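Please read the structure below before turning to the comments.
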2 protein chains.
Amino acid sequence: MPPRSRTPAAPRATRPATAHRRDAAATRAAILDAARRHFARAGYDHVGVREIAADAGVTAALVNRYFGSKEQLFAEVLASGFDIGPLLPADRATFGAVLGRFIAAAPRRTPDDQGPLSLLLRSAASPTAGKLLREHIDTHLVGPLAQWIGGDDAELRAALIVSTLAGLGVLRRMVKTSALAGVDEERLGALLGELLDAVVETP
Amino acid sequence: MPPRSRTPAAPRATRPATAHRRDAAATRAAILDAARRHFARAGYDHVGVREIAADAGVTAALVNRYFGSKEQLFAEVLASGFDIGPLLPADRATFGAVLGRFIAAAPRRTPDDQGPLSLLLRSAASPTAGKLLREHIDTHLVGPLAQWIGGDDAELRAALIVSTLAGLGVLRRMVKTSALAGVDEERLGALLGELLDAVVETP
DNA sequence: GTCTATAGAAAGATAGAC
DNA sequence: GTCTATCTTTCTATAGAC
């Protein structure tokens with residue numbers, strides 16, 4: 001999921017592009033996109049409505065007019081959200097290898113920490129955002145993963161996997177611990193893959 | 001580490017216990033203790049100096065007088081901190097089992113989320129606190145663990161273990177994902193143990 | 001549809017009285 | 001050694017002009 005361009009997707013082009021865009025749908029989309037990037041970068045508490053608005057080329061008043069409040073804006077960002085589905089390989093034997101490589105490479109794909117995991121982690125400490133996060137994680141991450149794993153303890157195993165990825169994200173991207181800073185991507189991916197397989201395959 | 005009582009430890013008892021305690025050392029300790037509890041409970045950003053002060057029985061002005069700023073107060077809380085040393089078993093074969101059980105039981109030991117891990121996680125998103133956290137994690141968690149593990153990739157493995165524990169904490173105590181809410185402690189400890197051993201023992 | 005201006009709340013920090 | 005009072009900043013949210 002690369003960051004969408006700030007340019008509106010496909011609005012009716014009935015109006016010339018003046019200083020004011022005056023296209024509700026496009027403006028709304030721009031705000032939502034800016035919000036997603038900023039929330040992922042800094043977390044719910046550390047980004048202001050002004051900042052998001054400025055990035056979307058509007059003022060803070062308009063953000064609240066469209067979304068009601070900062071909290072509702074965050075809720076919509078989540079809803080426009082993220083899903084683990086596409087990451088689940090058809091072949092069970094390659095699970096660890098595929099997911100491990102994918103996660104290990106994440107910082108290279110989205111260097112500015114704009115990924116969904118950053119969004120999750122950076123906002124989890126907030127009482128307001130945390131409430132919204134819980135439901136989304138259960139529905140879109142743990143749930144599908146548990147179903148894919150199947151069998152006994154599927155939910156527990158799924159939660160452990162998600163938590164492993166979350167923890168790695170915390171240390172790597174938030175704390176930026178030195179041991180993970182310049183780590184070899186291949187090596188990390190391999191080790192992580194073994195670990196993930198251990199969770200899925202343990203009797 | 002149960003929360004110390006608010007009563008001063010062992011000050012010179014030259015002065016009667018009036019409404020004002022007027023014992024600098026005891027007051028300082030009370031503030032530090034209150035700070036530790038509140039930072040662990042809510043994270044650096046979500047607790048105010050006023051709150052900590054009130055809990056310690058003083059006013060916000062005094063907190064700043066003693067510690068200079070909220071940031072310096074947090075730094076002292078970290079310094080009075082936490083260490084993984086005591087958790088490392090002498091016997092390598094029992095590593096996963098011991099640590100797994102210990103972590104699985106953590107919420108029961110400190111139901112109010114006052115443990116060091118909570119402190120870490122709830123403050124990791126803060127730019128101010130995060131800076132201080134990094135050094136401490138490297139020095140007091142990853143470092144000792146890497147030394148204990150030894151061999152190739154010791155630092156990477158140690159970081160993976162810490163991240164696993166951190167991730168579990170995120171999902172269990174912050175997000176409170178439903179799959180981990182009422183989980184059987186034994187089962188979680190066992191599964192976690194296998195996972196931890198996998199990180200240490202993988203070739 | 002978008003902006004300016006501002007209300008209202010909360011937080012960190014400081015000055016100075018006692 | 002501790003408190004009261006206040007300054008300053010920052011943020012969300014809203015009212016109303018254009």
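Proteins come first, then strands; the chains are lettered A, B, ... in the order of their sequence lines, and each starts at number 1. Bear in mind the structure is a predicted one, so any value in this text is a computation, not a measurement.
Counting heavy-atom neighbours within 6.0 Å of B/Arg65 CZ, excluding the residue itself, gives a total of 12 or less.
Candidate nucleotides D/dC3, D/dT2, C/dC3 were compared by shortest atom distance to the side chain of B/Thr27, and D/dT2 ranks first.
Residues B/Leu133 and B/Leu120 have side chains in contact (heavy-atom distance under 4.5 Å, counting atoms from C-beta outward).
Taking side-chain N and O atoms only, B/Thr59 has no distance below 4.0 Å to OP1 or OP2 of D/dT4.
Contacts of A/Val63 with the nucleic acid, taken as non-hydrogen atoms under 4.0 Å apart, are absent. Across all strands, B/Tyr66 comes closer than 4.0 Å only to sugar-phosphate atoms, never to a base (heavy-atom distances).
Put simply, CZ on A/Arg28 is 16 Å from C1' on C/dT2, counting in whole angstrom units. When rounded to the nearest whole Å, the span between NE2 of B/His46 and P of D/dC11 equals 14 Å. A/Leu73 has its CG atom 16 Å from the P atom of D/dC11, to the nearest Å. Atom CG of B/Leu62 is separated from atom C1' of C/dG12 by 15 Å (rounded to the nearest Å). In this structure, CD1 of A/Ile31 is placed 14 Å from P of D/dA13, rounded to the nearest angstrom.
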Set out, line by line, the N/O atom pairs under 3.5 Å between protein and nucleotides 13-17 of chain C.
from	atom 1	to	atom 2	distance (Å)
C/dA13	OP2	B/Asn64	OD1	3.4
C/dA13	OP2	B/Lys70	N	2.9

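For the atom pair CD1 (B/Ile161) and CD1 (B/Ile149), the distance works out to 4.0 Å, reported to the nearest 0.5 Å. Taking CG of A/Leu32 as the reference point, atom OH of A/Tyr66 lies at 12.5 Å (rounded to 0.5 Å).
The aromatic rings of B/Phe39 and B/Tyr44 sit parallel to each other, their planes meeting at less than 30°, with 60° as the upper class boundary.
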### Task
Begin with the C-alpha distance, continue with both residues' side-chain angles, and end with the deciding distance and a verdict on salt bridge (charged side-chain N to carboxylate O under 4.0 Å, His left out) for A/Asp138 and A/Arg134.
CA-CA 6 Å; A/Asp138 284 344; A/Arg134 184 174 331 151; over 6 Å; no

